[in-house]
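None of the values given here were measured: they were computed from a predicted structure. Below, chain A is the first sequence line, B the second, and so on; all start at residue 1.
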Amino acid sequence: MLRFLLLNLLVFCFYNFGTSNFISAEPFDTKKRTETKRKEKKKNRKAREVKIDSPVFSQHVEDLPPKVNSPQIEPNEKFRMSVDQIKSASLWIDRTVGNRLIKNGVQPNKQTDDFVFVRRIYLDVAGRIPTDEEASSFLKNNDPEKRRKLIDKLLISDGYRSHLFNWMADLLRHRGKLRRSNFNHYERWLKDQIAQNIRWDEVVYKMLTAEGTLASSGPTGYLLRDPGMPLDNLSNTLNVFLSANVSCAQCHDHPLADWTQREFYELAAFFGATDVSDRDPRKVGNRLKLPDGSITKQDVASAVAQNLARVHTISSQTLKFPDDYAYSDVKPGSQVDPLLFVWDDEELTVKVDEADPSKLRQNFAEWLTHKKNPRFAIAIANRLWKRFFGLGVQEPLEDLDDLTKASNPELLQLLGKVMVAADFDLREFQRVILNSKAYQAVSSVTPSSGDAEDYLFPGPVLRRMSAEQAWDSILALVLGSSLDDYKVDRSNRVTRYDFPYEQMSPDEVREKVLLMKNNGYLKSNQRIVEADFVDGKRPVKMNDYFLLRASELSQPAPENHFLRMFGQSSRDLVNDSSVEGSIPQALMLMNGGVQRLLYDRDARLSKMLRRSGDFKSAVQFLFLSFFCRPPTPDEMNAIEQALAQGMKKEDLSWALFNSTEFLFVQ
Amino acid sequence: MMKPFQFSRRQFVEQCALGVFGLTVLPNLKASNSLPLGAGFGKAKRIIFLQVRGGMSHIDTFDPKRGKTQGPGKAIKTKADFQVTEYLPKTAKIADKICLIRSMTAKIGVHGPAQYFMRTAFAQRNTVKHPNLGAWSQHYLGSSHDTLPSSACINTSPKQGNGFFPTAYSPIPILDPDTGLRNIATRGGSEALGNKLKLSEKLSSFFSARYQDDNVRSYREFYDNTLRLLKSKDLDAFDISKENSATREKFGLNKFGQGCLLARRLVETGVRFVEVATDGWDMHNNLESEMEDLSPPLDQAYAALIADLEARGLLDETLVVLATEFGRKPQYSGNGRGHYPICYSSVLAGGGVKRGYVYGSSDQDGALPNDPVTVPDLHATIGWAAGLPLQEKFQASSGRPFLVGGDKANPVMDVFA
């Protein structure tokens, strides 16, 4: 057995698809300064006038941009790793989890049966429960490799992309609208990155270094999430991508962690040569409107709004220490010298080109996303682990300053290495995790808050579905597997306004506005219109609900929507979603509009129920649809009793929908 | 009417207690000053906690300044002997009923953590969730009504307001005061609900038996609380359309105005603690135009609420708190002000506080507080008004003991009449 493992290991190392040493045992130091490097830095305080010739806008054309969406991208369905590589990697995960369990005398949970597995894997990968047909087909299949094949099938499905988008939107605090800025182009860009399976380090790099306006450049949406608030934005950046708990260091040395205010400012200086602002289009509207009413303030405002929200590199680094800087190491109000952290002396050295402030953001982005940056890979790996296990290997997710605090430090390091070895391919990383026995084990109950830090993962943790999973599952019951056919892309509402506003005279802008007005560009539409349909498919509306997955609705959904009531994040803070119960939720389940969806004549659930012959097969069908399993004898008895006492047959769906099992992911 | 049925029992227990009566009542351990005495203790039978989110600029509202930190709104006289800015004309007319605290001080200048701190008086951690004052009150004083929840939150989600207390202490959220509590009518009538519900409960009990899980348990608790609520005769409290349109207009036909009106309805029926939130006060840019947009609804709603409570004879027993997570910087940056927790304002009214009073002050720039009041102090003050035993520690399941407002909280007795 040992020889087999060793052979596998050698094979795996041989086919080393990444450049980092997978089995390396080098320790990762917590951050430290290298004094020699600091002394060597020339303190050049003079802001040198560097001519910035960066093209801010994508086009200088006379014609208007198209009113329609750009063509949809073909999804990238090619996997990076071979089946054997996946198996070896998941084996390593299992060994590392197993070692800790053994050391602490904890038994790993047994493996899930197919009933539990099929429901869980659809929920975790495709973001929804399987239909009765999908569940049935898996359950009847005798292929010993069926789990691995189903995982692969789901990872290249539309469902995977929709579900991953929700997760990413939560992480990035993605909102469709912020004041007068419209982020639908950014949203389209994010979805395209997911569709093309672009590496995570590349996605982050592009977001941090984007240039242009919301109309001209999708990724500018990241920095424009916090216009005029570069310190808040940096704090979120460090939190999201490095799990560095720095927010307090904006104002003073962090009371509980290693971060100083100076260090925070030195990092923030990398954005000191960037102007991220969304100026008020109403002011422009006032200036450019015409007294005869041919061009109104609103006309101008609509046309220019998405061009006024921009990320623009300026010629010098302007960040200064605050005037109330309280420590003696630098003068308050003085210019900040950008300074990155080096964790390891020789390895991670990103050359900061002080002569060229226009490159500062690139330097920062290079440092942040570097594969040798010990936090970047581990932070995203830890977050993805939590996605499937309910808890991170280290909690809280926002604080990885001290990696020894993880419940299983070796596992955390291993996950980081797997991420790097997979070239930051998030889908591939997830593929490894999902194939592990650790993941496929039965769930444990939620550890109490004191024990969460010591949870060693004998299995995932039982958890309630996210709001998006619950909603999408209802859609699966109502529409069946065709729910993924209906998608919406509102990026046309932003890209159609792209023009080089900054370089135009007021009269040229007026001309543009008039041209747009006469060609119907300025009509604003809150509702979904034909230009928004993907592949020309009109979304289905039933009982006042759009039957669209959470990823296709407004981001976030309106406050009274099922999604928000069930805990979808407001997107004000990172990962602000919740799985708490509430009275309005219970009311919604009991009496809410979603009930009518399930009962609707055209709903798939209702149709199939009408077709399902006798009483017993109806019950089987319902249990398969809601719970992916047959009813137990006790359950059958309870149902028969209820019917005898006057419950109607139609109410069986209600009973299953309202029972606890529906909303929990076992 | 509110029924504080556990209040006097607890007092009895405290007087006789020589040992521990279960985990939640520990003998007096606090080393510092004993609980202050006074006629006002417990006078606030209900609390309305208004959260102005984003960081309300103190200089541009309740603490106008002259000179280099002056804002665009000039100071105006009020019915009391303090001034406010011209952005609060209606509040000026009822200023003789309120108690201003101009010396709030805190250290957190980041929205999320600061809002959490404003709400719970504890710094946000990821290992423990702290309760809001409604949950503390329910813990010490019991439920305030037999079928309605004891806490509610309007225009905001509950964000685990129960903290380490049972999930039943979480505030019931009403996201839109106009629609109130939705989905109260059952398809097929309430009898139909009875039958299918029994089956659903049976099936759920099989699941609960398989997983002895905290989340599963709390999920069922919500379900049960909901059923009790549905059968309540006081369910109409949530229906704002029962108010006449003149009253509704007086509060302002917007989410905050109607939210304040709904809060009054709820506390009048027996909900002890109601939070009402309003957003948008993060005025980094365009402060003048933002103040012009946002102050009228706030001003109108606040003034209407105070006047309305007074007219109904409820103000003396209802503590209205106007809180914000931090103030805004005295010195402008661009055409707005940045975050500033070091010195800002909060307002109390009713519940036994002095009328037309100012506690504390800020320096001539609005930068430093005199007689500083911390957020924990504010919470202790509210707790004292509500009759909470501020020395009595609660031991959370993690073993760690907690007090209302934390260890360093001291109620500001001077605000009480």
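Side-chain contact between B:L197 and A:W654 is present, with heavy atoms from C-beta onward closer than 4.5 Å. Between A:I583 and B:N225 there is a side-chain heavy-atom pair separated by less than 4.5 Å. At least one side-chain heavy atom of A:E661 sits under 4.5 Å from a side-chain heavy atom of B:R210. Counting heavy atoms from C-beta on, the side chains of A:F664 and B:Y211 never come closer than 4.5 Å. For the pair B:R182/A:N591, no side-chain contact is recorded, criterion being any heavy-atom separation below 4.5 Å from C-beta on.
The candidate with the highest count of non-hydrogen atom pairs below 4.5 Å against chain A, out of B:D282, B:L181, B:I108, B:V216, is B:V216. Listed options B:L229, B:D214, B:N285, B:I184 were ranked by heavy-atom pairs under 4.5 angstrom with chain A; first place goes to B:I184. Counting heavy-atom pairs closer than 4.5 Å to chain B, the top-ranked of the candidates A:P631, A:P584, A:G593 is A:P584. The choice from A:Q645, A:E635, A:Q666 that makes the most heavy-atom pairs within less than 4.5 Å of chain B is A:Q666. Contact tally against chain A (heavy-atom pairs below 4.5 Å) for B:Q212, B:H111, B:E201: the top residue is B:Q212. Annotation: maximal heavy-atom pairing with chain A below 4.5 Å, among B:P158, B:S200, B:P171, occurs at B:S200. Comparing B:S289, B:S208, B:P173 by how many heavy-atom pairs each has under 4.5 Å with chain A, the most go to B:P173.
Closest approach of A:N658 and B:R220 over heavy atoms only: O-NH1, 4.0 Å. The heavy-atom pair separating A:M647 from B:K196 by the smallest distance is SD-CA, 3.8 Å. Among all heavy-atom pairs drawn from A:A655 and B:L203, the shortest one is O-CD1, 4.5 Å. Closest non-hydrogen pair, A:E580 versus B:K159, comes out as OE2-C, 3.7 Å. Annotation for A:A586 and B:T226: closest pair CB-OG1, 3.2 Å, computed over non-hydrogen atoms. The shortest heavy-atom contact between B:N183 and A:M588 is ND2-CA, 3.6 Å.
One distance of note links CG of B:N215 with CZ of A:R464; it measures 9.5 Å at 0.5 Å rounding. The distance from the CZ atom of A:F662 to the CZ atom of B:F207 is 12.5 Å, given to the nearest 0.5 Å. To the nearest 0.5 Å, atoms OG (A:S582) and CZ (B:F222) are separated by 6.0 Å. Taking CZ of B:R53 as the start and CG of A:D572 as the end, the distance is 7.5 Å to the nearest 0.5 Å.
Between the side chain of B:D213 and the backbone N or O of A:V445, no donor-acceptor pair lies under 3.5 Å.
With a 4.5 angstrom heavy-atom cutoff, A:L663 touches chain B only via side-chain atoms. Proximity to chain B (any heavy atom under 4.5 Å) is shown, for A:I639, by both the backbone and the side chain. Of the atoms belonging to B:L230, it is side-chain heavy atoms, and not backbone ones, that fall under 4.5 Å from chain A. When heavy atoms are compared at a cutoff of 4.5 Å, A:S578 does not approach chain B at all. Heavy atoms closer than 4.5 Å to chain B are found in both the backbone and the side chain of A:D634. Only the side chain of A:A642 comes within less than 4.5 Å of a heavy atom in chain B; its backbone stays farther off. Proximity to chain A (any heavy atom under 4.5 Å) is restricted, for B:S170, to the side chain, taken from C-beta onward. The contact between B:Y223 and chain A is made by backbone and side chain atoms together, counting heavy-atom distances below 4.5 Å. With a threshold of 4.5 angstrom between heavy atoms, B:S333 does not approach chain A through any atom at all.
Taking a 6.0 Å sphere around NZ of A:K386, one finds it holds more than 12 heavy atoms contributed by other residues, nucleotides or ligands. Residue A:K177 places its NZ atom among more than 12 non-hydrogen atoms of other residues, nucleotides or ligands, all under 6.0 Å distant.
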* Are A:K283 and B:N286 close enough, and set up right, to give a side chain to side chain donor-acceptor pair (under 3.5 Å), and what steps lead you there? -> CA-CA 11 Å; A:K283 293 219 167 96; B:N286 306 317; 3.1 Å; yes
* CA sep, side-chain torsions, deciding dist, call: A:L652, B:L199, side-chain contact (heavy atoms from CB on, under 4.5 Å) -> CA-CA 8 Å; A:L652 203 43; B:L199 175 62; 3.6 Å; yes
